[in-house]
A.B. asks: 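I'd like to ask you about the structure that follows.
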Amino acid sequence: MLESLVKWSRLKSPWILHFNSGSCNGCDIEILAALIPRLDAERFGVLLKGTPRHADVLVCTGPVTRQMKERLRRVYDQMPEPKFVVVVGQCGCSGGVYAGAYGVVGGIDKVIPVDAYIPGCPPRPDAILDGVVKLLAKIEKGGG
Amino acid sequence: MNWLLSIIYLVVFPGILFVLGFAFFAEWLDRKVYARVQRRVGPPFLQPLADFIKLSSKEDVVPEKADNAIFTAAPIISLAAILAAFLYVPVVTATALHVFEGDLIVALYLLTIPTLALFLGGWFSGNLFGQSGAMRVASLLFSYEVPFFLALLAPALMAGTWSMSGIVVYLYGNPLAFVVTIGAFFIAVISLQGKLERLPFDIPDAETEIVGGPMSEYSGRRLALFRLARDAEMVVGAGLIAAVFLGGPWCPFISLDPGYIAWAVGAAFFILKTLIVLGLLILMKSAVARIRVDQMVNVAYKYLIPLALAQMLVVVLVKYMGWF
């Protein structure tokens, strides 16, 4: 009873934190476009938060550069459990065109565990919302 | 029976459960109307409850640099002070649960405690953003608190009493007296907006400048309590203004028989008047953008305080001429 209530509340109120670990800003602009009034993410309970302490979902973009590796790790550690990570864009999924470059560690999953990948260069805003909905379906099945 | 009624009053109806339920409803109304003004759909009805349960079930984090005792006590104290302030607001009849000469002043000071708790919580969270947000909280206290107190002096002068229930009793006798203090009503609503740190006065937690302000390090159940306390403060502040300026439970059919129907109608009118004040707060938030710290001090000291003093002069003149 209590568990299903907690699960319901988690599904209904995913607060997101947006983190750029070396992206070209293309995916970041698309994430902001997914939060505009026309698509209205707040009807799913999504709020954009400024601090990792408030967030449930870390939305990452870009390949992880060697400079950003420690910062990404720290921001992830600052989020309270349970937490989820969504990667937006080809570079974040695998490193993309930067895979193997000297200054780049690779995709986001080389540094922190990832729950959902949204490929594209950059993905459309509706694809990003679709990825978040798929993450919620995963949590509902028991991933959380 | 009397003690049973008192317990019901404290815990259920105009007491704790009612205020908390109304606080959740007020947050939903706030976000929904804000969304509709921006041509969005807005959150579903149970959204504030879902946020509260989710935050309460999250991991409990206290930063290493934070002072554990103050960090934990701040949200609890702010919620407790707000719930205590509501006991002096007349909801059902013209007399609140506890009445004494000067309870208006006590309620106003109790409503100041959440601001100080937020300052202490932000200051001792060990985060630079939290500390700069806390400094903004403390420095803005002086710009909205003075016009808020001055505006609430006007109906007290009008009724000749420092007790909220006394003011409501006076308004029962002279329902048109609210026309005289209508200027102070709007000053009080604007100052309440500053007290609640909402747009255009959300300078302390400006998320585009200092991430989360004093709440930057708060997470989990402490953040849930702080958010609930802020919503409850919105409800209690709006209820206080509705009682002192608009007569709280007063309505044209107040002399209904038997008594409990009159109580139900009175409570319904109190809720209606509170919703009117809440509506003003929400529409103001939707219509404006954030201002700077110095602009806020300007608004308070150049416009609100002189207008509040002029309003008091009007009240004194009206009393002197013997019109009310």
Side-chain angles (χ1 to χ4, degrees), chain A residues 1-20 28 32-58 71 74-84 125-126 129 132-133 135-136 139-140 144, chain B residues 27-28 30-32 34-64 66 71 122 125-130 133 202 205-224 226-227 286:
Chain A
M1 173 64 196
L2 194 67
E3 256 175 35
S4 61
L5 191 70
V6 167
K7 194 180 234 180
W8 165 81
S9 70
R10 253 168 223 164
L11 290 174
K12 290 295 172 191
S13 135
W15 291 357
I16 65 170
L17 176 72
H18 174 193
F19 188 82
N20 175 342
D28 304 287
L32 295 184
L35 297 170
I36 55 169
R38 191 178 174 84
L39 292 173
D40 187 24
E42 201 186 357
R43 68 200 146 115
F44 305 120
V46 174
L47 285 183
L48 182 65
K49 287 288 167 185
T51 153
R53 298 277 190 214
H54 297 191
D56 307 296
V57 180
L58 183 63
R71 277 87 179 170
R74 229 165 87 190
V75 166
Y76 180 75
D77 287 341
Q78 279 174 347
M79 287 168 62
E81 293 279 355
K83 51 193 169 187
F84 308 97
D126 31 7
L129 280 186
V132 174
V133 169
L135 171 76
L136 294 180
I139 299 171
E140 195 171 14
Chain B
E27 193 197 335
W28 172 76
D30 180 28
R31 287 168 67 175
K32 186 79 179 177
Y34 191 52
R36 292 307 295 159
V37 169
Q38 296 175 344
R39 299 212 177 168
R40 291 190 283 128
V41 178
F45 183 66
L46 289 177
Q47 186 64 50
L49 191 65
D51 289 347
F52 184 79
I53 296 173
K54 179 206 72 179
L55 284 173
S56 313
S57 67
K58 286 203 81 154
E59 188 191 355
D60 199 24
V61 182
V62 177
E64 217 167 73
F71 193 71
S125 67
N127 181 315
L128 275 179
F129 292 118
D202 65 335
D205 45 35
E207 72 279 358
T208 42
E209 296 164 23
I210 44 171
V211 295
M215 291 202 231
S216 294
E217 284 290 343
Y218 274 92
S219 62
R221 62 191 74 149
R222 296 182 183 82
L223 179 65
F226 249 141
R227 287 169 55 87
S286 321

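To find a chain, count down the sequence lines: A is the first, B the second, and so on, and within it residues start at 1. The structure presented is a predicted model; accordingly, all values stated were derived computationally and were not measured. Values below: every heavy atom of this structure, side chains too, minus hydrogens, waters and symmetry copies.
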A.B. asks: Closest approach of Ser57(B) and Arg10(A), non-hydrogen atoms and distance?
C.D. replies: OG-NH2, 3.5 Å
A.B. asks: Give me the atom names and distance for the closest heavy-atom approach of Trp15(A) to Lys54(B).
C.D. replies: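 Between these two residues, the closest heavy atoms are CD2-NZ, 3.3 Å.
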A.B. asks: Heavy-atom pairs under 4.5 Å with chain A - which of Leu55(B), Leu46(B), Val61(B), Ile53(B) has more of them than the others?
C.D. replies: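 Top option by heavy-atom pairs under 4.5 Å: Ile53(B).
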A.B. asks: With only heavy atoms counted, which part of Lys49(A) is less than 4.5 Å from chain B, the side chain, the backbone, both or neither?
C.D. replies: side chain
A.B. asks: I need the residue from Lys32(B), Arg227(B), Arg39(B) with the largest number of non-hydrogen atom pairs under 4.5 Å to chain A.
C.D. replies: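 Of Lys32(B), Arg227(B), Arg39(B), Arg227(B) has the most heavy-atom pairs under 4.5 Å with chain A.
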A.B. asks: Only pairs of heavy atoms separated by less than 4.5 Å count here; which of Thr51(A), Leu5(A), Asp40(A) has the most with chain B?
C.D. replies: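 Greatest number of close heavy-atom pairs with chain B: Asp40(A).
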A.B. asks: Select one option (side chain, backbone, both, neither) describing which atoms of Leu11(A) are under 4.5 Å from chain B's heavy atoms.
C.D. replies: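 When you check distances to chain B, no heavy atom of Leu11(A) falls under 4.5 Å.
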A.B. asks: With respect to chain B, which residue among Arg43(A), Arg38(A), Lys83(A), Gln78(A) yields the maximal number of heavy-atom pairs within a distance under 4.5 Å?
C.D. replies: Arg43(A)
A.B. asks: Rounded at 0.5 Å granularity, tell me how far CZ in Phe52(B) sits from OG in Ser13(A).
C.D. replies: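 Separation between the atoms: 12.0 Å.
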A.B. asks: Just so I understand: if I count every heavy-atom pair under 4.5 Å between each of Met79(A), Glu81(A), Lys12(A), Lys7(A) and chain B, which residue has the most?
C.D. replies: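 Highest number of heavy-atom pairs under 4.5 Å: Glu81(A).
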A.B. asks: Which atom pair, heavy atoms only, marks the closest approach of Met215(B) to His54(A)?
C.D. replies: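 Heavy-atom minimum between the residues: O-NE2, 2.8 Å.
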A.B. asks: Measure distances from Ala55(A) to the heavy atoms of chain B and classify the residue's part below 4.5 Å as side chain, backbone, both or neither.
C.D. replies: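 For Ala55(A), the contact with chain B is made by the backbone alone.
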A.B. asks: Is there a side-chain contact between Arg53(A) and Asn127(B) in this structure, where contact means two heavy atoms from C-beta onward sitting under 4.5 Å apart?
C.D. replies: no
